[in-house]
Amino acid sequence: GPSCGWCGPQKAMGVSKGHIPLAAVLGSMLVAATEPLQQTITIDNQSGSDGGDSKPRIAVLSTPTSTATRPKTALYDPDYLMKARAAIVSGESWATASWAATRAEADQWVNIPSLSVMQKSVTPPSGTKHSYISLDKYYWPCNRPPPPLYVAPYTPDPTCSTGVRDNAICCLHECGVCGGKGCSDHPGGKAGCCLTNIKDSGRLCNKVGPPCVMNTSQPCNQSTGLPYTRHDGYTNPEMELFDHDRLINMSTAVIALSSAAYFGDDSKYGESAARLLRAWFLADDTKMEPNLDFGHFIPGVVNGSHGAVIDTHSWGELLDAVAILRAAPNSPWTDTDHTALQAWFREYLNWLQTSDLGKGELASTNNHGVWYDNQVLAVALFVGDANSSKAAATRAPDRVTLEVEPNGMLPAELARTKAWSYSNFALDAFFHVATLRADIPASPSLWSYISQRGGSTRGALDWQIQFLGKGAKPWPYPQVEPFATNCTVSMVTQCIGSYYPILRRAAVVWADAHGNENSTYAAKATEVLDDAASSPYNLLLTSLEHI
């Protein structure tokens, strides 16, 4: 998710349906294989039969039974994938334990029926179920407000410097005037100064009180519940009637199954992954149209909104899973399949860049804008569109300038009712973009970039670190659901453990002059993993997203 990272529950090495394992399910291991990297590797992963032991039986084979090639991944480090597989073959304990966990996760999905946009109970305004549709998750019937949630305590900000005071929305001091007219020209930008449903009050921001004026909506129809109204942070369970959850489950399953197909030697995993991909994207009778025209549908208000692009923010991991599936031994994913999927994503990339909704998301100056760039980068790399990937990479420093304050705070995220969740979510987006951007000629590196105002990706992480691990300070901003340690939370409401892959990458990215890991980030990564009562990672698995 967020990413979310991987924010679903994982007990007994299982996987929570409905959540994307962005870094964990394919996870590489902290210890590198001691054997030299090879381009073709063999493995015997038959299950043991003694006492019902389901762990794989690992052996170094004199005669290969399977081969795997170097996957053409963008987020996940292909060399680490190869090293991990080599270590499984040679029987190294860290690798065999991780492989057992990876296979156990895939087993949760291997028999799942094919998923499709055709399975929803509603028909989109287009008149065809091939159109993707999702409910804007924080909108509820006007006659049925959401039930109250746990509200984490926070310290009110008396100066309104973050856009929130006493749980009420206000504008940032530097915005000058609240609301719609001209606020994009101010340093805070649209996301900081023109939050949803805020209109121009004509008053300067000051320390007297929140001057923002909320737009009045049309009267509520008590019989129909229209129009739906926004309750930020409160997820409407009616989402299940639409396509969103099936999309997440499809992506989660493909990632898990492709991982098992690559590391193992059982054809069932690859065949199941290929079946799911064909049903969602390729088969004439079940495929999704390559657009999100009806995503984030708001009943009684709008048929679709640009926030829908966040629904597919994890497709970068999905496309890497396709590359891993293609490199798996005896892969069922054919050149014909791959060419057809690339064609689908070329159309989708065109929609992202030319549609009104796509352009709207491009203009977002909060986490949505960063995740938009991440998705354009990933899709453009997958289809070989160098111009599009370069354009998205070039925008990255501007995103830092717009969103990150000199002290590392993210005002657009702190103005939300799940301020911690969205701060984490935005930070992970920056890390994704920095990772993808590293392979594209674009200067300066997002890892080292500092805006003229003093904001940086590293600064955003350093500000959030104070709330993590040993000696953590209490979170001082709104969080209508706890930032959980048990990981039984929604896609955006994060688990503490979701910081783990971020911190592991940070430990390597910002190593010292001698190449030694940054000890602060490495130690904090261990602490947040220990804080997760139900860890989202098998303890020997870590992020494969390379630097």
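The figures that follow rest on heavy atoms only: side chains count, while hydrogens, waters and symmetry mates do not.
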Hey, is the main chain of [Y] close enough, under 3.5 Å, to the side chain of [X] for a donor-acceptor pair?
X	Y	value
Arg437	Ala393	yes
Ser364	Asn366	no
Ser305	His296	yes
Trp109	Ile255	no
Ser116	Gln119	no

Do the non-hydrogen side-chain atoms of [X] and [Y] ever get within less than 4.5 Å of each other?
X	Y	value
Phe431	Thr457	yes
Trp475	Ser423	yes
Asp243	Ser134	no
His231	Tyr139	no
Thr123	Thr128	no
Ser223	Asn143	no
Trp463	Glu405	no
Thr435	Asn374	no

Using distance alone, with no hydrogens and no angle criterion, decide if [X] and [Y] have a side-chain donor and acceptor under 3.5 Å apart.
X	Y	answer
Thr401	Tyr449	yes
Ser126	Ser131	yes
Tyr132	Asp311	yes
Glu317	His432	yes
Asn367	Tyr372	no

Charged N-O contact under 4.0 Å between Asp373 and Arg399
yes

Do NZ/NE/NH1/NH2 and the carboxylate oxygens of Asp245 and Lys120 come within less than 4.0 Å?
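Result for this pair is no, no salt bridge flagged.
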
What salt bridge (charged side-chain N to carboxylate O under 4.0 Å, His left out) pairs are there with at least one residue in residues 279-302, not counting sequence neighbours?
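As it turns out, the salt bridge (charged side-chain N to carboxylate O under 4.0 Å, His left out) pairs with a partner in residues 279-302, which skip direct neighbours, are Asp284-Lys287.
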
Can you label the angle between the Phe345 ring and the Tyr348 ring as parallel, tilted or perpendicular, going by 30° and 60°?
perpendicular

For Arg278, salt bridge (Lys or Arg N to Asp or Glu O under 4.0 Å) partners two or more places apart:
Asp337

Residue list, salt bridge (Lys or Arg N to Asp or Glu O under 4.0 Å) with Arg326, at least two apart or on another chain
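Salt bridge (Lys or Arg N to Asp or Glu O under 4.0 Å) list for Arg326, sorted by chain: Asp335.
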
Using a 6.0 Å distance limit plus a 45 degree cone around the ring axis, check whether Arg230 lies over the aromatic ring of Tyr138.
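Geometry flag: not set, cation outside 6.0 Å or 45°.
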
What verdict does the ring-ring contact (aromatic ring centres under 6.0 Å, His included) test give for Trp315 and Phe281, after you've listed the backbone C-alpha separation in whole Å, the side-chain angles of each residue and the deciding distance to 0.1 Å?
CA-CA 13 Å; Trp315 273 3; Phe281 294 106; 5.5 Å; yes

Working to the nearest 0.5 Å, report the span between [atom1] of [X] and [atom2] of [Y].
X	Y	atom1	atom2	value
Trp280	Leu318	CH2	CG	10.5 Å
His306	Leu362	NE2	CG	10.5 Å
Arg395	Leu402	CZ	CG	12.0 Å
Leu341	Arg346	CG	CZ	10.0 Å
Asn236	Leu241	CG	CG	8.5 Å

Criterion salt bridge (charged side-chain N to carboxylate O under 4.0 Å, His left out) on Lys137 and Asp232, from CA distance to verdict:
CA-CA 9 Å; Lys137 64 189 293 182; Asp232 188 36; over 6 Å; no

Under the side-chain hydrogen bond (donor to acceptor under 3.5 Å, both in side chains) criterion, do Glu403 and Thr365 qualify, and how do the steps go?
CA-CA 7 Å; Glu403 181 151 12; Thr365 53; over 6 Å; no

Please indicate whether Glu240 has more than 12 foreign heavy atoms, meaning atoms of other residues, nucleotides or ligands, lying under 6.0 Å from its CD.
no

Could you walk me through whether His338 and Phe382 satisfy the ring-ring contact (aromatic ring centres under 6.0 Å, His included) test, starting with their C-alpha distance in whole Å, then the side-chain angles of each, then the deciding distance to 0.1 Å, before giving a yes or no?
CA-CA 10 Å; His338 201 70; Phe382 179 72; 5.3 Å; yes

May I have the step-by-step check of ring-ring contact (aromatic ring centres under 6.0 Å, His included) for Phe425 and His313, ending in yes or no?
CA-CA 11 Å; Phe425 194 49; His313 78 275; 5.1 Å; yes

